Student: 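Let me give you the structure first, and then I'll get to my questions.
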Amino acid sequence: MVQQALEEISRGTAEIIDKERVEKLVTRYYDDGTTYTVKAGFDPTGADLHLGHTVLLQKLRVFQKHGGRVQLLIGDFTATIGDPTGKSETRKILDTDTILANAKTYQEQVFNILDESKTEVVFNSTWLNKLGAAGMVALTTLFNVARMLERDDFEKRYRAGQSISISEFLYPLLQGYDSVELQSDIEIGGTDQKFNLLMGRHLQRAYNVGKEQAVLMMPILEGLDGVQKMSKSLQNYIGITEEPKDIYAKTLSISDELMWRYYELLSENTLEEIAQMKQGVQMGTLHPKTVKENLALELVTRFYNVELATLAKEEFDNVFKENLLPADMNEIEVEEGIWICKALVDAGLEPSTSQARRDIKQNAVSLNQEKVSDDALNLSAGEYILQVGKRKFAKVKVR
RNA sequence: GGUGAGUUACUCAAGCGGCCAACGAGGGCAGACUGUAAAUCUGCUGACUAUGUCUUCGAAGGUUCGAAUCCUUCACUCACCA
């Protein structure tokens, strides 16, 4: 039992620091039911969660199954500083209202995955506001600039002569201090958080908390492009609140290679099952498309349910396999004689009439399933289906 | 504070008086091929009912028949020195 739990916990992890401690905690839980705490911090800078976040959340869920109590830390205070991780320039500072609003939407979405009864949501402003100048200064004495500059991104920026604000030095310190305050047993985060996560250990020792948190790091999930990390600003993400059909379609659009990565980090399948599928595909007994469909179904099911997942698949197959029209399209009404390019823009299929013209010239536009070749066409009264490319449809009523 | 370099479209990056809506690369979009995959090949990639017009090359002025290109001021970034 313990063995299995540990396997589930270490699955997909990039690195575990102080693995023995994790083993000890889990073993003790199965011996006498003693629980332990697992901390994970979220920066309420963006409001919507995407699959990248769920990698961590799912890992937390696994801990919850095996005696972990989750400390879901909303970094409302630290968000006012801005985590410098991975940034090549100083971050913008958010205002309090936005942060609070974001934190709220976060919480609503998080319990799609986490067990609410085993989760404690905490805000670090609770204790950081109280810390005061004196406490702050005391905190800064526990670390030195030389070591701070060892951190990758700081080092690069320092060498490149780019600005590093003093407040950015405080970020890791404060994140580490959170662990002191929460007396966390384990903290999990992405590999890019290593420095900050280790700071928690350092500070717990410095403050004589009586334990040093184990650190578990998850790999960073690549976005739809398969190269850069999934993030909202790069527009390569699948949001967990997106429509079933969008989640389904986006999942199918990832590359075969990336699909395995998603399987490993996101699916419930065991590693053996995944290895088997991989082999099947290699030997040609299993079509990669099928494997991908299953992944897409699993994801939609997780955030909605099986029925909607099946519907999403049917819808998708209709449109792209059978070449049928999607069931629900954006619908607009326009005046008679409208220029087709204008109609395309009005329907939201094209950003400008110029772009519409170009697409028509390239045979990318269809009217009632037939390619349009005349970019000066005007629509007479009636109902039309407009299509741009393979995936953009709209219904147009011309009066 | 001093000296020098720079600021070009989504990003990087050419252009240094007319041939510039601006080379090239990446990205994006579309077409072919497919499994709405990858790879590959091709086209497009400021706006406008459009062989023309308008707005764009950090900001504002100026020189000129004509400026992304020259001059002035301002803002910002970087480098070296203090």
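Owing to the predicted nature of the structure, the values given are computational and were not obtained by experimental measurement. What you see below is based on every heavy atom in this structure, not just the backbone, and it leaves out hydrogens, waters and symmetry mates. Throughout, a chain's letter reflects where its sequence line sits, starting with A, and its residues are numbered from 1.
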Student: B:rC81 and B:rC74: how far apart are their C1' atoms, nearest whole angstrom?
Tutor: 25 Å
Student: Would you mind reading off the distance between A:Leu224 atom CG and B:rA38 atom C1', rounded to a whole angstrom?
Tutor: 15 Å
Student: Under the side-chain contact (heavy atoms from CB on, under 4.5 Å) rule, collect the residues that match up with A:Val281, sequence neighbours excluded.
Tutor: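 Checked A:Val281 against side-chain contact (heavy atoms from CB on, under 4.5 Å); matches are A:Trp260, A:Leu286, A:Pro288, A:Val291.
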Student: Could you write nucleotides 40-54 of chain B as a row of B, S and -, 5' to 3', where a protein heavy atom under 4.0 Å of any base atom gives B, of only sugar-phosphate atoms gives S, and otherwise -?
Tutor: ---BSS-SBBB----
Student: Each nucleotide N or O in nucleotides 10-13 of chain B that has a protein N or O under 3.5 Å away: list the pair and distance.
Tutor:
none

Student: With rounding to whole Å, what would you report as the distance between B:rC78 and B:rU8 at their P atoms?
Tutor: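 About 14 Å, rounded to a whole number of Å.
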Student: Between B:rC71 and B:rA22, how many Å separate the two C1' atoms, rounded to a whole number?
Tutor: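 It comes out at 23 Å once rounded to the nearest Å.
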Student: Atom CD of A:Gln387 and atom P of B:rA30: how far apart are they, to the nearest Å?
Tutor: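 Result: 11 Å.
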Student: If we take the C1' atom in both B:rU56 and B:rA9, what is their distance in whole Å?
Tutor: 8 Å
Student: Has the side chain of A:Asp256 got a donor or acceptor that lies under 3.5 Å from a partner of the other kind on the base of B:rG35?
Tutor: yes
Student: How close or far is atom P of B:rC29 from atom CG of A:Asn363, stated in whole angstroms?
Tutor: 19 Å
Student: Within the structure shown, what part of the strands sits under 4.0 Å from A:Leu258 by heavy-atom distance: base, sugar-phosphate, or nothing?
Tutor: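 No contact.
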Student: Go through the structure and list residues passing side-chain contact (heavy atoms from CB on, under 4.5 Å) with A:Gln355, not counting sequence neighbours.
Tutor: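 Per chain and number, A:Gln355 pairs via side-chain contact (heavy atoms from CB on, under 4.5 Å) with A:Glu350, A:Pro351, A:Ser352, A:Arg358, A:Asp359.
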Student: Quote, to the nearest angstrom, the C1' distance that separates B:rC44 from B:rC10.
Tutor: 16 Å
Student: Whole-Å distance between B:rU34 C1' and A:Lys292 NZ?
Tutor: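 Rounded to whole Å, this separation is 11 Å.
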Student: Kindly state each residue pair satisfying salt bridge (Lys or Arg N to Asp or Glu O under 4.0 Å) with at least one member in residues 240-251 of chain A, sequence neighbours excluded.
Tutor: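 Salt bridge (Lys or Arg N to Asp or Glu O under 4.0 Å) check on residues 240-251 of chain A returns A:Glu242-A:Lys250, A:Lys245-A:Asp328.
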Student: Could you check whether any side-chain N or O of A:Gln64 sits under 3.5 Å from a backbone N or O of A:Lys118, counting only pairs where one atom can act as donor and the other as acceptor?
Tutor: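 Here the side-chain-to-backbone pair exists.
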Student: What distance, rounded to whole Å, do you find between the two C1' atoms, one in B:rA75 and one in B:rU63?
Tutor: 23 Å
Student: Let me have the donor-acceptor pairs involving side chains of residues 378-389 of chain A, under 3.5 Å, with sequence neighbours excluded, atom names and distances please.
Tutor:
| residue | atom | partner | partner atom | Å |
| --- | --- | --- | --- | --- |
| A:Ser380 | OG | A:Tyr384 | OH | 3.4 |
| A:Tyr384 | OH | A:Ser380 | O | 2.8 |
| A:Gln387 | NE2 | A:Gly389 | O | 3.1 |

Student: Can you name the residues that form a ring pair (Phe, Tyr, Trp, His ring centres under 6.0 Å) with A:Phe320, not counting sequence neighbours?
Tutor: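 For A:Phe320 the ring pair (Phe, Tyr, Trp, His ring centres under 6.0 Å) partners, ignoring immediate neighbours, are A:Phe316.
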Student: Can you run through RNA chain B from 5' to 3' and write each base as (, ), [, ], | or . depending on how it pairs? Watson-Crick or G-U wobble, both distances under 3.5 Å.
Tutor: ((((((((.[[[..)..(.....]]]((((((.......))))))(((...)))...[[[[[..)....]]]]]))))))).
Student: With RNA chain B as reference, determine whether A:Lys390 or A:Ser255 sits nearer its 5' end, using the nearest nucleotide of each.
Tutor: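 Going by which nucleotide is closer to the 5' end, it is A:Lys390.
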Student: Take atom OH of A:Tyr248 and atom P of B:rG35, then tell me their distance rounded to the nearest Å.
Tutor: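 In whole Å, B:rG35 P lies 15 Å from A:Tyr248 OH.
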Student: Under a plain distance cut-off of 3.5 Å, with no hydrogens placed, do A:Asn112 and A:Arg302 share a side-chain donor-acceptor pair?
Tutor: no
Student: Which nucleotide wins on minimum distance to the side chain of A:Lys392, given the candidates B:rC29, B:rG35, B:rA37?
Tutor: B:rC29
Student: Atom CZ of A:Arg391 and atom P of B:rC29: how far apart are they, to the nearest Å?
Tutor: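 Rounded to whole Å, this separation is 7 Å.
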Student: Taking only residues two or more places apart in sequence, or in another chain, which ones meet A:Phe63 in a ring pair (Phe, Tyr, Trp, His ring centres under 6.0 Å)?
Tutor: none
Student: I'd like the P distance from B:rC20 over to B:rA67, given in whole Å.
Tutor: 16 Å
Student: Please give, in whole Å, the distance from B:rA37 P to A:Trp260 CH2?
Tutor: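 Roughly 17 Å, once rounded to whole Å.
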Student: Restricting to ring pair (Phe, Tyr, Trp, His ring centres under 6.0 Å), what partner residues turn up for A:Phe303, sequence neighbours left out?
Tutor: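 Per chain and number, A:Phe303 pairs via ring pair (Phe, Tyr, Trp, His ring centres under 6.0 Å) with no residue.
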Student: Give the table of side-chain donor-acceptor pairs shorter than 3.5 Å for residues 121-134 of chain A, with sequence neighbours excluded, one pair per line with atom names and distance.
Tutor:
| residue | atom | partner | partner atom | Å |
| --- | --- | --- | --- | --- |
| A:Asn124 | OD1 | A:Asp76 | N | 3.3 |
| A:Asn124 | OD1 | A:Phe77 | N | 2.9 |
| A:Asn124 | ND2 | A:Thr78 | OG1 | 2.9 |
| A:Asn124 | ND2 | A:Asp178 | OD2 | 3.1 |
| A:Ser125 | OG | A:Asp76 | OD1 | 3.3 |
| A:Ser125 | OG | A:Asp76 | OD2 | 2.5 |
| A:Thr126 | OG1 | A:Phe123 | O | 2.6 |
| A:Trp127 | NE1 | A:Asp178 | OD1 | 2.8 |
| A:Asn129 | ND2 | A:Ser125 | O | 3.3 |

Student: Can you measure A:Asn236 atom CG to B:rC29 atom C1' for me and round it to whole angstrom units?
Tutor: 17 Å
Student: Rounding to an integer number of angstrom, what distance separates B:rA79 and B:rU55 when you compare their P atoms?
Tutor: 38 Å
Student: Which atom pairs, one a donor and one an acceptor, fall under 3.5 Å between side chains of residues 202-214 of chain A and the rest of the protein, sequence neighbours left out?
Tutor:
| residue | atom | partner | partner atom | Å |
| --- | --- | --- | --- | --- |
| A:His202 | NE2 | A:Leu142 | O | 2.8 |
| A:Gln204 | OE1 | A:Gln213 | N | 2.5 |
| A:Gln204 | NE2 | A:Ser179 | O | 3.1 |
| A:Gln204 | NE2 | A:Ser184 | O | 3.1 |
| A:Arg205 | NE | A:Glu212 | OE2 | 3.2 |
| A:Lys211 | NZ | A:Gln183 | O | 3.0 |
| A:Lys211 | NZ | A:Asp185 | OD1 | 2.9 |
| A:Gln213 | OE1 | A:Ser179 | OG | 2.8 |
| A:Gln213 | NE2 | A:Glu187 | OE1 | 3.0 |
| A:Gln213 | NE2 | A:Leu197 | O | 3.1 |

Student: Classify the ring geometry of A:Tyr29 against A:Tyr36: parallel below 30°, tilted from 30° to 60°, perpendicular beyond 60°.
Tutor: perpendicular
Student: If you count every heavy atom of other residues, nucleotides or ligands that lies below 6.0 Å from A:Glu116 atom CD, does the total exceed 12?
Tutor: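 Open.
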